[in-house]
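These notes are about the structure you will find just below.
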Amino acid sequence: GSAHNTTDANAISHFSERGKLFLFHNTGVEGMYTKNVVYVSDGCDADPIPCACERVAVADLPDFGLSATELAPYRGTTWLRTVLWRRGEYFVVLDRVRALRAGQYACGATWRSFYRAELDGRTWKAEADGDTFYLKSGDDRPSVAEHAGLEGAARPYVLRQSSPLLTDAQVGDVDAFHNLIYLSGP
């Protein structure tokens, strides 16, 4: 075993802008359910989660940045997270889950904020001192916003996006979460 929490692989541990921490995870709780990640369960969850992900691509251009990382094998799937950054404007987070074996999978994307956040249709927004953080889903998948219980040193506002698409998966079947992140304010 390891003394380190290895379930941070492929997570967005923090997102701050304009001096405010809009996304975070701050908990010693083991597991992917309490992080800014895509959570996959095959019903057994017996397979260990890899302690690191593979860097698939990276680009650092004048107007854009890109990072693509893959966690595999991840409970019978691979999880590819691609983050595209239009400098000074927005981020696009693309999460793709591909089945490596036939079976039933529960998939969900989880996001956490310190600030009071509400879900309005496909848009989750948190306001802090005149700035508004937006996380907008690219589709109409089922989503729930809640004010979670105490996790570590905080009681976060949480968005959970779920997926019904891999409930009877064959090898190679894919589901994806597409989210746009941006801020508005002075």
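Just so you know, these numbers come straight off a predicted model, no measurement behind them. We count residues from 1, following the sequence as given. In what follows, every heavy atom counts, from backbone to side chain, and hydrogens, waters and symmetry copies are set aside.
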Got a donor-acceptor contact below 3.5 angstrom from the T82 side chain to the A68 backbone?
-> no
CD on E146 to CZ on R112, rounded to 0.5 Å = 8.0 Å
Residues A9 and C53: closest non-hydrogen pair is CB-N, 4.2 Å
With the 4.5 Å side-chain cut-off for hydrophobic clustering, are L71 and L80 part of the same group?
-> no
CG/L84 to CG/L66 distance, rounded to the nearest 0.5 angstrom?
-> 6.0 Å
Hey, do the aromatic rings of Y157 and Y115 have their centres closer than 6.0 Å?
-> no
Do you know which of R96, R98, R55 makes salt bridge (charged side-chain N to carboxylate O under 4.0 Å, His left out) with E70?
-> R96
Taking the side chain as C-beta and beyond, is there a heavy-atom pair between L21 and H14 under 4.5 Å?
-> yes
W111 vs V93 side-chain heavy atoms within contact, under 4.5 Å | yes
Where does the angle between the aromatic ring planes of F15 and F133 fall among parallel (under 30°), tilted (30 to 60°) and perpendicular (over 60°)?
-> tilted
Evaluate the side-chain proximity of S143 to L119: yes if any heavy-atom separation is below 4.5 Å, no if none is.
-> yes
Side-chain heavy atoms under 4.5 angstrom apart, residues restricted to Ile, Leu, Val, Met, Phe, Trp, Tyr: same cluster for L94 and W79?
-> no
Kindly work out whether a path of hydrophobic side-chain contacts (I/L/V/M/F/W/Y, heavy atoms less than 4.5 Å apart) joins L180 to L183.
-> no
Closest heavy-atom pair and its distance - Y182, Y90 = CB-CB, 4.0 Å
Quick note, salt bridge (Lys or Arg N to Asp or Glu O under 4.0 Å) partners involving residues 56-66, not counting sequence neighbours, are D60-R87, D63-R86
Is H178 reaching over with its side chain to a backbone N or O of D139, donor-acceptor style, under 3.5 angstrom?
-> no
Would you verify whether the NZ or CZ of R141 falls within 45 degrees of the ring axis of F177 while also being under 6.0 Å from that six-membered ring's centre?
-> yes
Does a side-chain N-to-carboxylate-O contact under 4.0 Å join R81 and D95?
-> yes
Got a sec, which residues hit side-chain hydrogen bond (donor to acceptor under 3.5 Å, both in side chains) with W124, two or more places apart in sequence or on another chain?
-> none
Residues passing the ring pair (Phe, Tyr, Trp, His ring centres under 6.0 Å) test with F64, sequence neighbours excluded, are none
So how far is it from Y74 OH to D42 CG, rounded to the nearest 0.5 Å?
-> 10.0 Å
Would you indicate whether the side-chain heavy atoms of I181 and F22 approach each other to under 4.5 Å?
-> no
Rounded distance [0.5 Å steps], CD in E127 versus CZ in R116 = 9.0 Å
Treat each ILVMFWY residue as a node, draw an edge where side-chain heavy atoms are under 4.5 Å apart, and state whether V92 and Y134 are in one component.
-> yes
Please round to the nearest 0.5 Å and tell me the distance separating atom OG1 of T77 and atom CG of D173.
-> 12.0 Å
What pair of heavy atoms forms the shortest contact from S137 to N179, and how long is it?
-> CA-OD1, 3.4 Å
How far apart are the closest heavy atoms of R18 and D131, and which atoms are they?
-> NH1-OD1, 2.8 Å
Any idea which heavy atoms bring A99 and Q170 closest together, and the distance?
-> CB-O, 3.5 Å
Check S41 against D45 and note the closest heavy-atom contact, atom names and distance.
-> OG-OD1, 3.0 Å
Shared hydrophobic cluster for Y39 and V158 (ILVMFWY, side-chain gaps under 4.5 Å) = no
Looking only at atom types and distance, does a side-chain atom of S162 sit under 3.5 Å from a main-chain N or O of P142, one as donor and one as acceptor?
-> yes
Should the pair D129-K20 be classified as a salt bridge under the 4.0 Å nitrogen-to-oxygen rule?
-> no
Separation between OG1 of T110 and CG of L159, rounded to the nearest 0.5 Å = 8.0 Å
